[in-house]
Peer 1: 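Sharing a structure with you now.
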There are 2 protein chains.
Amino acid sequence: MKAATVYDVAAHAGVSIATVSRVLRRPDDVRASTRQRVLASVLALGYVPSASARGLAARRTGVLGLYFSSVDDEDEQSEAIFVQDTSVEIVVDVPDSREVRPPNLYFDEVLRGSEREAWRHGFALMVGVGRDANPADMVNDIAGRVDGMAVLAGSVPDDILDHVSRRIPVVLIAGPRRGDHHDHVSVSNLEGMRALTTHLLSRHGLTDLVYVGGPADSPDDAERYQGFVEAVEAAGLDPAALPVLRGEFSRVRARGVAETMLATGRVPRALVCGNDQMALGMLDVLIPAGVRVPEDVIVTGFDGIEAGRLSRPRLTTVHQPMVELGRAAMRAMLSRIEHPDQPPITARLPVKVLLRESSEGPAHPSPARP
Amino acid sequence: MKAATVYDVAAHAGVSIATVSRVLRRPDDVRASTRQRVLASVLALGYVPSASARGLAARRTGVLGLYFSSVDDEDEQSEAIFVQDTSVEIVVDVPDSREVRPPNLYFDEVLRGSEREAWRHGFALMVGVGRDANPADMVNDIAGRVDGMAVLAGSVPDDILDHVSRRIPVVLIAGPRRGDHHDHVSVSNLEGMRALTTHLLSRHGLTDLVYVGGPADSPDDAERYQGFVEAVEAAGLDPAALPVLRGEFSRVRARGVAETMLATGRVPRALVCGNDQMALGMLDVLIPAGVRVPEDVIVTGFDGIEAGRLSRPRLTTVHQPMVELGRAAMRAMLSRIEHPDQPPITARLPVKVLLRESSEGPAHPSPARP
DNA sequence: TTGAAAGCGCTAACAC
DNA sequence: GTGTTAGCGCTTTCAA
């Protein structure tokens, strides 16, 4: 099964390879009758142009890259290919406190936006998710295949970033702006958390807040905490006096934190969490323990994931536009590709505070049965 | 900013381009001292090999493709790149019956598995999601860039599939097996639904079932319905006597169906839904209306999505291994690339019936407050 | 409107 | 162990 080439098509249609190329790239430059003939040959031979050859000749691949890192080391699955297992296991699936999988929602959403935007501009999208400590090879590999790549902030060491950006434009996604080397798209983490905290402070008159933070090296969490701090200071309180708990952005870890909190009896009036996962983890423990949310404790999150809309009570949160973040990253790259010398791009997307029952209490007389 | 090439590196290191290539591809064939020198030059020049050139010369791209189609036409977003919007909107977000977005969960999961498996075997992954009626261009484009591609069954017309498979191996994902042209990976839809239905029939002694189906052209739904039919027949009942409702795999559409059902007063003892989304849509309407699930009506789904584990009551369903489906697709492709002449691959992955409260009632005395 | 020909940057014999 | 060289399949001037 030897794949057909321009030469095959040209011979079959009785034209030169240049004409075949023209028919595919700039059809209007070719006489209609010739075009028909060539197209017919394309179909007859099952010709699909080689992107490698085209990329080499045109000096552009027509592909954009997206690189993320992830910590979800799923258990290795079977290696079998010829599975023919139509067996059906029936299990009584009782409620379980285990985290089934840390849904890599953030990635899914950013990817969705990236994919959409890339193809909309005539580019394909290549994705890579690094899971081990050494992203160098993967990032390099992608860099050689694309006309530009977007990278989750903090997922790639600076020296590697510098290396690949000598070949292609690199756009950083999320995190704080670092240096002036790359274009950068992010969301208003600080402002969002500040607005939410201010709301809790002023509307609810709280003073007894606890911040539940993510990983110490998370730039996003650092920004959110800073927003928390600014709001607290603006209210005339001392942020240093307010405890910070670490939930590592994990629902499971947050449950542990909540349990410890209950055990020690030191339960604050509000738990301001750095992401939704941790806030949900708090609810997982508090609600069954008989703690009333929000009457006894207010719980808030950050991100605006779907699960927070489905929880009981529904989760007050700060929604960040993840899909739009992916789109903005692709647009920034395309803009950079088109205008290599323009000044660095810094996009900052707006967020939205969503007040729901976990802070405000019942919105309406619920139509649900007790 | 002209990107460095092998020639630049070779000159800088004082070796031939062949040696540069060797250092990168088969380092052991080069003397250690030479290797060091070349590597140093690579770093110094910021050299990243061009995948286009390599792909051309080596006659393989090292990329695998994944193509899906989707109906989620999200509203077009802004075109702005230089967004600097740190404003924060604060909204009271009341419970809403609108479907925020049809979570394209299935795609996310299959993609996750595909991505993981491709890179694990040293291949990059290219993704494309077709949204309009004409997948030909996108599929062709991808096909020219990869060494093999996986395609969601039913998302690409046969003639296009045949066309591209003259160039590269194509693996079909999901759906029923059609012809012997391509390799195929899928899950035990029929067997899963048959097992679940049999459970409802025999353990719960039901006879009054209604099947809530997906789109008429969904091969997955067809298989599930067939499983339903076989179980019903095995129980000595006439499947033709049992109504079928159409929810189009949509949560919103299912709500409409449920409302109509309530309005007409024709409520069956069990609603067997073709996917989880529709089952959740049923719950959305039934629970607030005071219908007891499962005491009055049993509701079941199919897929095993996260939301079904978070609903009240939790949803009985048939879990299909979506991540593993993606992995299996990639493995099948790699196997085909390595052994072009082996017989067609047909993988059938097992499913698991998860019995939860929407059919079985409370599992344990719930520790939750009333 | 079409054809001829010169690369694009790399790999893989094959020679040394 | 290293260098030479012939393509890989396409795009793109430049002529005709």
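Lettering follows sequence order; numbering is per chain, from 1.
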Peer 1: Is the shortest side-chain N/O distance from A:Lys2 to OP1 or OP2 of D:dC8 below 4.0 Å?
Peer 2: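 No, because none of the side-chain N or O atoms of A:Lys2 sits under 4.0 Å from OP1 or OP2 of D:dC8.
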Peer 1: Does the distance from a Lys or Arg side-chain N to an Asp or Glu carboxylate O, for A:Asp108 and B:Arg112, drop under 4.0 Å?
Peer 2: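 Result for this pair is yes, salt bridge flagged.
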Peer 1: Could you check whether A:Ser52 gets within reach of a base, just the sugar-phosphate, or nothing at all, counting any heavy atom under 4.0 Å?
Peer 2: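 Contact class for A:Ser52: none.
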Peer 1: Nearest heavy atom decides the nucleotide; on that basis, is B:Ala32 or B:Arg59 closer to the 5' end of DNA chain D?
Peer 2: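 In this pair, the answer is B:Ala32.
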Peer 1: Nearest to the side chain of B:Tyr7, which nucleotide is it out of C:dG3, D:dC8, C:dG9?
Peer 2: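 Between C:dG3, D:dC8, C:dG9, the one nearest the side chain of B:Tyr7 would be C:dG9.
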Peer 1: Measuring from the side chain of A:Ala18 (C-beta onward, heavy atoms only), which nucleotide among D:dG9, C:dA5, C:dT11 has the closest atom?
Peer 2: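 From the listed options, C:dA5 comes nearest.
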Peer 1: Rounded off to whole Å, could you give me the CG-to-C1' distance for the A:Asp29 and D:dT12 pair?
Peer 2: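 Going from A:Asp29 (CG) to D:dT12 (C1'), I get 12 Å.
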Peer 1: Between B:Ser50 and A:Arg35, just flag the one whose closest nucleotide in DNA chain C comes earlier from the 5' side.
Peer 2: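 The residue whose closest nucleotide sits nearer the 5' end is A:Arg35.
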Peer 1: C:dT1 P sits how many Å from A:Asp28 CG, rounded?
Peer 2: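 Going from CG in A:Asp28 over to P in C:dT1 covers 10 Å.
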Peer 1: Nearest whole angstrom, please: distance from the P of D:dC10 to the CZ of B:Arg167.
Peer 2: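 It is 7 Å, rounded to the nearest whole Å.
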Peer 1: Just the rounded figure in Å: distance from C1' of C:dC10 to CG of B:Leu24.
Peer 2: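 It is 11 Å, rounded to the nearest whole Å.
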Peer 1: B:Arg37 CZ to D:dT2 C1': how many Å, rounded?
Peer 2: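 Rounded to whole Å, this separation is 11 Å.
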Peer 1: Do side-chain atoms of A:Arg54 reach the backbone of B:Gly144 as a donor and acceptor pair under 3.5 angstrom?
Peer 2: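 Between the backbone of B:Gly144 and the side chain of A:Arg54 there is no qualifying donor-acceptor contact (under 3.5 Å).
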Peer 1: Without decimals, in angstroms, what is the distance between A:Leu56 CG and C:dG7 P?
Peer 2: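 To the nearest whole Å, that distance equals 13 Å.
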Peer 1: So B:Arg22, base contact, sugar-phosphate only, or nothing? Heavy-atom distance under 4.0 Å.
Peer 2: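 It contacts base atoms.
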Peer 1: On DNA chain D, check which nucleotide each of B:Ala58 and B:Arg31 is closest to and give me the residue with the more 5' one.
Peer 2: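 Result: B:Arg31.
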Peer 1: In whole Å, I'd like the distance from the CZ atom of B:Arg60 to the C1' atom of C:dT11.
Peer 2: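 So the two atoms are 12 Å apart, to the nearest Å.
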Peer 1: From the list C:dT2, C:dC10, D:dG3, which nucleotide is the closest neighbour of the side chain of B:Thr19?
Peer 2: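 The closest nucleotide is D:dG3.
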Peer 1: Would the distance check show the side chain of A:His184 and the main-chain N or O of A:Gly175 forming a donor-acceptor pair, the cut-off being under 3.5 Å?
Peer 2: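 Such a contact is found between A:His184 side chain and A:Gly175 backbone.
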Peer 1: The side chain of B:Val30 is closest to which nucleotide in this list: C:dC8, C:dC10, D:dT2?
Peer 2: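 Among C:dC8, C:dC10, D:dT2, the one nearest the side chain of B:Val30 is D:dT2.
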Peer 1: Any idea which of D:dT11, D:dG9, C:dA12 is nearest the A:Thr5 side chain?
Peer 2: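 Looking only at side-chain atoms, A:Thr5 lies closest to D:dG9.
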Peer 1: Is a donor on one side and an acceptor on the other found under 3.5 Å between the side chain of B:Glu324 and the backbone of B:Gly113?
Peer 2: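 No: the side chain of B:Glu324 does not pair with the backbone of B:Gly113.
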Peer 1: Among C:dC10, D:dT4, D:dG9, which nucleotide sits nearest the side chain of B:Ala53?
Peer 2: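 Minimum distance to the B:Ala53 side chain belongs to C:dC10.
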Peer 1: Considering only C:dG9, D:dC10, C:dT11, which nucleotide approaches the side chain of A:Arg54 most closely?
Peer 2: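 Closest of the options to the side chain of A:Arg54: D:dC10.
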Peer 1: Rounded to whole Å, how long is the line connecting atom OH of A:Tyr47 with atom P of D:dG9?
Peer 2: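 Going from OH in A:Tyr47 over to P in D:dG9 covers 10 Å.
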Peer 1: Flag the pair B:Asp183 and B:Arg336 as a salt bridge only when some basic side-chain nitrogen lies within less than 4.0 angstrom of an acidic carboxylate oxygen.
Peer 2: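 Salt bridge present between B:Asp183 and B:Arg336.
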Peer 1: Using a cut-off of 4.0 Å on non-hydrogen atoms, how would the nucleic acid contact of B:Val20 be classed: base, sugar-phosphate, or nothing?
Peer 2: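 The answer is nothing, as B:Val20 stays clear of every strand by at least 4.0 Å.
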Peer 1: Other residues, nucleotides and ligands only: do more than 12 of their heavy atoms fall within 6.0 Å of NE2 on B:His181?
Peer 2: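 Atom NE2 in B:His181 is not crowded, with 12 or fewer foreign heavy atoms closer than 6.0 Å.
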Peer 1: Which nucleotide wins on minimum distance to the side chain of A:Ser16, given the candidates C:dG3, C:dT11, C:dT1?
Peer 2: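 Closest of the options to the side chain of A:Ser16: C:dG3.
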Peer 1: Any idea which of D:dC10, D:dG1, D:dC8 is nearest the B:Thr34 side chain?
Peer 2: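 The closest nucleotide is D:dG1.
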Peer 1: Would you indicate, yes or no, if D:dC10 has its OP1 or OP2 atom less than 4.0 angstrom from a side-chain nitrogen or oxygen of A:Ser21?
Peer 2: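 No, outside the criterion.
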